[in-house]
Amino acid sequence: MKVLRTPDAAFQDLPDYSFAAHYLDVANPDGPPLRLHYVDEGPRNGNVVLLLHGEPSWSYLYRKMIPLLVARGHRVLAPDLIGFGKSDKPAMPRDYTFERHVDWTSDWLWQLGVSNITMFCQDWGGLIGLRLVARFPDLFAAVIAGNTGLPTGGGSVTWPFRIWLAFSRFSPILPIGRLVSAGTARGLSDGEKRAYDAPFPQAKYKAGARRFPALVPVRDGQASVAECKAAWKVLEQFDKPFLTAFSTRDPITRGGERVFQARIPGAKDQPHVTIRTAGHFLQEDKPEELVQAIDGVISRQITKT
């Protein structure tokens, strides 16, 4: 496995992103250990908030939410998935599988030794994050899921997702910053788009970004269908607080919150949030509302105890 590492110079002077860099090496049975980058801000004894990004973003997506959560006394962890951000990037599309990502992220989380975690997850951060909850349910105190899902095959593939599948695979150019901007309601500044482009100084760094859409197990027979079905069996017993925070302007995941609300016991009678006038990347459009939802879950848990 050939592994690429984006030069540090690519991340200089990014707007609103001055967090200290932290790194851990994660086990990689198919090659050398991989260096995973993460943000770790706030008091060590604060309630742990885990923020998981998706495709094709990185922890920069949470730059507005992190200081707000820290100001409320929480410890905030925001990793860059392998293949994204400041984390190592295996060079070939075949290097990326759903199961490898679950294992890589699990190893990172286990090494940190944290517990009582409140997780917010979006896009692929949800697919991977919910598998973490199923693998380590005792580590999690609450979950807030936004614009995500956990498919198990057998479903119809929406036209917006089919278009994204084709574009990510066949487009000669994958303009990351422009794609993230198109997934917001407000649109991004040139500086913000440059920040999303920063992890990918050349096309060869984008293998993960190109591969991720094809890994979503939407059809029977795809890899990870069985593993996701097994995860759902655990999630269907998860009775800790589970909130949904889906936006109204995401053509791919709109309505997906109903599945979580119907199948996960912890979602019953929760104050689920509808984020209006926000796109797929709702963290860019409505960071304050998401912070309120996350902080509210933690505050209610503290009040109960």
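- One side chain, Arg135 or Ser106, offers a donor N or O that lies under 3.5 Å from an acceptor on the other.
- If you take CE on Met92 and CZ on Arg211, they are separated by 11.0 Å, rounding to the nearest 0.5 Å.
- Following chains of ILVMFWY side-chain contacts shorter than 4.5 Å, one cannot reach Val76 starting from Tyr23, and the two form parts of different hydrophobic clusters.
- Shown here is Trp164, whose CH2 atom has more than 12 heavy atoms of other residues, nucleotides or ligands within 6.0 Å.
- In the hydrophobic cluster analysis, where Ile, Leu, Val, Met, Phe, Trp and Tyr join through side-chain heavy atoms closer than 4.5 angstrom, Val225 is grouped apart from Val216.
- If you check the side chains of Glu41 and His74, you find no donor sitting under 3.5 Å from an acceptor.
- Taken together through direct or relayed side-chain contacts under 4.5 Å among Ile, Leu, Val, Met, Phe, Trp and Tyr, Ile252 and Ile176 form part of one hydrophobic cluster.
- Transitive grouping of hydrophobic side chains (ILVMFWY, heavy atoms separated by less than 4.5 Å) keeps Phe161 and Phe170 in distinct clusters.
- Within the 3.5 Å criterion, the main-chain N or O of Asp123 finds no donor-acceptor partner in the side chain of Asn147.
- Using a 30° and 60° split on the angle between ring planes, Tyr17 and Phe19 fall in the perpendicular class, above 60°.
- Contact record, Asp88 with Ile82: O-CG2, 3.5 Å, taken as the closest heavy-atom pair.
- A donor and an acceptor atom, one from each side chain of Thr253 and Asp250, are located under 3.5 Å apart.
- Residues Ser87 and His37 have side chains that never bring a donor and an acceptor to within less than 3.5 angstrom of each other.
- When each of Phe120, Phe140, Phe260 is paired with Phe242, the ring pair (Phe, Tyr, Trp, His ring centres under 6.0 Å) condition holds for Phe260 and for no other.
- With respect to Glu192 and Arg186, a salt bridge is recorded, a charged nitrogen being found less than 4.0 Å from a carboxylate O.
- Here the CG atom belonging to Leu51 is positioned 5.5 Å from the OH atom belonging to Tyr62, to the nearest 0.5 angstrom.
- Using cut-offs of 30° and 60° for the angle between ring planes, the Trp104 and His101 rings count as perpendicular.
- The same ILVMFWY cluster, assembled from side-chain heavy atoms under 4.5 Å apart, contains both Leu150 and Val157.
- With respect to Glu99 and Arg131, a salt bridge is recorded, a charged nitrogen being found less than 4.0 Å from a carboxylate O.
- One side chain, Ser59 or Asp80, offers a donor N or O that lies under 3.5 Å from an acceptor on the other.
- Residues Trp58 and Phe200 place their aromatic rings such that the two centres sit no closer than 6.0 Å.
- Salt bridge annotation for Asp30-Arg100: present, with a cationic side-chain nitrogen under 4.0 angstrom from a carboxylate oxygen.
- Heavy-atom contacts from other residues, nucleotides or ligands closer than 6.0 Å to CZ of Arg169 number 12 or fewer.
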Residues Phe84, Phe212; criterion ring pair (Phe, Tyr, Trp, His ring centres under 6.0 Å); working and verdict: CA-CA 11 Å; Phe84 298 84; Phe212 252 23; 5.1 Å; yes
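- Side-chain atoms of Lys286 and Ser247 include no donor-acceptor pair closer than 3.5 Å.
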